[in-house]
Amino acid sequence: MKKVLLLSALLALSSFGLSAKEWTEIRMASEGAYPPFNETGSDGALKGFDIDIGNALCTEMKAKCTWVKQEWDGMIPALIARKFDAIVASMSITEERKAKVDFTNKYYASPVVLIAKTGSPLRPELASLKGRKVAVQRGTVSDNFATKYWAGKGVEIVRYAKQDEAYLDLKSGRVDATFADYWEAYGGFLTKPEGSGYSIAGDQYFGKNAEERAVIGEGIGIAVRKKDQDLKAQLNKALAALRSSGKYDEIRKKYFPMDIYGN
């Protein structure tokens with residue numbers, strides 16, 4: 001009888017240990033330099049579409065959320081080092097990143113685009129860009145794509161810590177174009193006064209084959225540590241609830257007049 005009771009107790013403890021953790025406090029990180037998705041307000045606080053989505057997810061989960069401002073280059077290492085629990089910073093879901101972290105379902109999707117002076121003949125193609133300087137934000141999908149397909153083949157890739165710095169050098173004439181996320185370029189540059197005289201050169205680019213699409217990614221998701229599958233599941237459930245309740249579109253309309261979720 002004692003052996004039976006002991007076995008039952010051990011099984012109960014095992015079941016308790018395997019039960020999903022209920023996340024009631026979550027530390028979320030964003031860059032604060034990627035408008036309109038995330039930027040730093042005059043009060044020093046993070047704001048933007050990413051921040052609003054993160055806060056809405058926490059409300060849906062009934063969790064207390066705190067925000068951590070993190071430079072883009074160190075995002076994934078800092079997540080792995082447990083400086084925060086989730087990256088809500090317009091991070092594309094790519095095979096390279098999935099080797100290190102896990103992702104929720106997407107919360108929006110975006111092609112990449114080449115931005116140049118209106119009327120420019122440039123296109124997001126190697127033959128068109130040879131002999132040109134193209135600006136990218138370091139460590140982004142745009143950087144990864146340009147490095148793999150254009151760098152060392154007659155195109156000079158100029159890397160910046162922040163996308164805003166790339167726009168400044170584009171306007172000053174130090175680079176010929178910048179390669180960036182379409183929705184960031186739309187909301188953070190092209191529709192602002194400083195973007196006057198600039199537009200998309202060529203078409204929105206999703207990748208012409210499976211290899212290129214793997215570099216560009218499957219959409220934008222929230223990154224979590226691989227072992228935190230319970231957090232991923234709870235975020236996915238909350239995201240689905242935001243979509244079905246209309247809260248997602250309510251937030252989206254503050255920043256974009258059109259759908260950005262995609263198919």
Side-chain angles (χ1 to χ4, degrees), residues 15-41 45-70 72 75-76 78-95 97-110 141 181 183-184 187 217-263:
S15 297
F16 178 78
L18 292 173
S19 62
K21 173 183 175 180
E22 194 68 27
W23 287 76
T24 57
E25 294 189 14
I26 306 169
R27 296 166 299 162
M28 293 184 165
S30 206
E31 181 187 9
Y34 201 67
F37 292 99
N38 58 80
E39 56 187 307
T40 306
L46 290 166
K47 65 177 185 176
F49 178 81
D50 290 333
I51 313 308
D52 287 355
I53 288 292
N55 287 334
L57 289 170
C58 288
T59 298
E60 181 66 32
M61 293 168 63
K62 296 179 175 59
K64 176 185 176 182
C65 282
T66 54
W67 286 95
V68 177
K69 189 177 177 182
Q70 170 66 47
W72 179 259
M75 277 286 182
I76 288 178
L79 173 67
I80 293 170
R82 303 188 62 81
K83 292 184 178 179
F84 41 79
D85 306 306
I87 298 171
V88 192
S90 289
M91 183 170 280
S92 296
I93 305 166
T94 67
E95 291 302 316
R97 289 170 179 157
K98 285 196 291 185
K100 300 174 183 177
V101 297
D102 211 344
F103 284 91
T104 64
N105 297 333
K106 71 173 185 178
Y107 63 98
Y108 77 93
S110 182
V141 164
D181 174 282
W183 289 116
E184 188 283 329
E218 309 162 17
I220 310 299
I222 297 171
V224 299
R225 289 179 290 273
K226 283 184 173 290
K227 71 180 189 64
D228 290 338
Q229 292 299 304
D230 40 15
L231 177 57
K232 173 185 170 180
Q234 289 165 44
L235 286 168
N236 276 334
K237 182 179 178 181
L239 180 58
L242 295 187
R243 293 276 298 160
S244 63
S245 70
K247 181 64 178 178
Y248 176 92
D249 276 334
E250 179 185 323
I251 295 170
R252 186 266 303 166
K253 288 174 183 177
K254 288 174 56 181
Y255 302 93
F256 303 98
M258 69 289 281
D259 172 64
I260 67 169
Y261 187 79
N263 295 327

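Computed from heavy atoms alone, side chains included, the values below leave out hydrogens, waters and symmetry copies.
- Distance alone, capped at 3.5 Å, places no donor-acceptor pair between the Arg97 side chain and the Val101 backbone.
- In this structure, Tyr34 and Trp72 have parallel ring planes: the angle between them is below the 30° cut-off, well short of the 60° mark.
- Counting all heavy atoms, side chain and backbone alike, Asn38 lies closest to Ile51 at CB-CD1, 4.2 Å.
- With hydrogens and angles disregarded, no donor-acceptor distance shorter than 3.5 Å links the side chain of Arg243 to the backbone of Tyr248.
- When every heavy atom of Ala86 is checked against every heavy atom of Leu79, the shortest pair comes out as N-CD1, 3.8 Å.
- Met75 and Ser30 get closest at one heavy-atom pair: CE-C, 3.4 Å.
- Ala78 and Gln70 make their closest contact through CB-OE1, 3.7 Å (heavy atoms, listed as atom of the first residue, atom of the second, distance).
- Applying the 6.0 Å contact sphere to NZ of Lys62 captures no more than 12 heavy atoms from other residues, nucleotides or ligands.
- Counted within 6.0 Å of NZ on Lys226, heavy atoms from surrounding residues, nucleotides or ligands total more than 12; the atom is thus considered enclosed.
- Here Lys98 pairs with Glu95, Glu218 under the salt bridge (charged side-chain N to carboxylate O under 4.0 Å, His left out) rule; sequence neighbours left out.
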Q.
With side chain to side chain contact (heavy atoms under 4.5 Å, CB included) as the criterion, how do Phe84 and Met28 come out once you've worked through the C-alpha distance, each side chain's angles and the decisive distance to 0.1 Å?
A. CA-CA 6 Å; Phe84 41 79; Met28 293 184 165; over 6 Å; no
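- Counting all heavy atoms, side chain and backbone alike, Gly32 lies closest to Leu46 at CA-CD2, 3.4 Å.
- With values rounded to the nearest 0.5 angstrom, Leu231 atom CG is found 8.0 Å from Lys21 atom NZ.
- Remark: side-chain polar atoms of Gln234 are paired, donor with acceptor, to backbone N or O of Trp23 under 3.5 angstrom.
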(Q) Assess the residue pair Ile26 and Met61 against the criterion (side chain to side chain contact (heavy atoms under 4.5 Å, CB included)); give the C-alpha distance rounded to whole Å, side-chain angles, the decisive distance to 0.1 Å, and a yes or no. (A) CA-CA 10 Å; Ile26 306 169; Met61 293 168 63; 3.5 Å; yes
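- Remark: Glu60 CD to Leu235 CG distance equals 11.0 Å, nearest 0.5 Å.
- Using a 4.0 Å cut-off between charged side-chain N and carboxylate O, Asp52 and Lys47 make no salt bridge.
- Taken to the nearest 0.5 Å, the CG atom of Leu57 stands 9.0 Å off from the CG atom of Asn55.
- For Lys253, there are no salt bridge (charged side-chain N to carboxylate O under 4.0 Å, His left out) partners, not counting sequence neighbours.
- Between the CD atom in Glu25 and the SG atom in Cys65 there is a gap of 9.5 Å [rounded to 0.5 Å].
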Name each donor-acceptor pair under 3.5 Å that joins a side chain in residues 102-110 to protein atoms two or more places apart or in another chain, with its distance.
residue : atom : partner : partner atom : Å
Asp102  : OD1  : Lys232  : NZ           : 3.4
Asp102  : OD2  : Gln229  : NE2          : 2.7
Asp102  : OD2  : Lys232  : NZ           : 3.3
Thr104  : OG1  : Ile222  : N            : 3.0
Asn105  : ND2  : Asn236  : OD1          : 3.4
Lys106  : NZ   : Tyr261  : O            : 2.7
Lys106  : NZ   : Asn263  : O            : 2.7
Tyr107  : OH   : Asp50   : OD1          : 2.8
Tyr107  : OH   : Ser90   : N            : 3.2
Tyr108  : OH   : Ser90   : OG           : 2.7
Ser110  : OG   : Asp181  : OD1          : 3.1
Ser110  : OG   : Asp181  : OD2          : 3.0
Ser110  : OG   : Tyr182  : N            : 3.3
Ser110  : OG   : Trp183  : N            : 3.3

Q. Does the pair Lys83 and Val68 meet the rule for a side chain to side chain contact (heavy atoms under 4.5 Å, CB included), with working shown?
A. CA-CA 8 Å; Lys83 292 184 178 179; Val68 177; 5.9 Å; no
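- A distance of 4.0 Å separates CG of Asp85 from CZ of Arg27, quoted to the nearest 0.5 Å.
- Summarising the geometry, atom CD1 belonging to Ile220 is positioned 12.5 Å from atom CD1 belonging to Ile53; distances are rounded to the nearest 0.5 Å.
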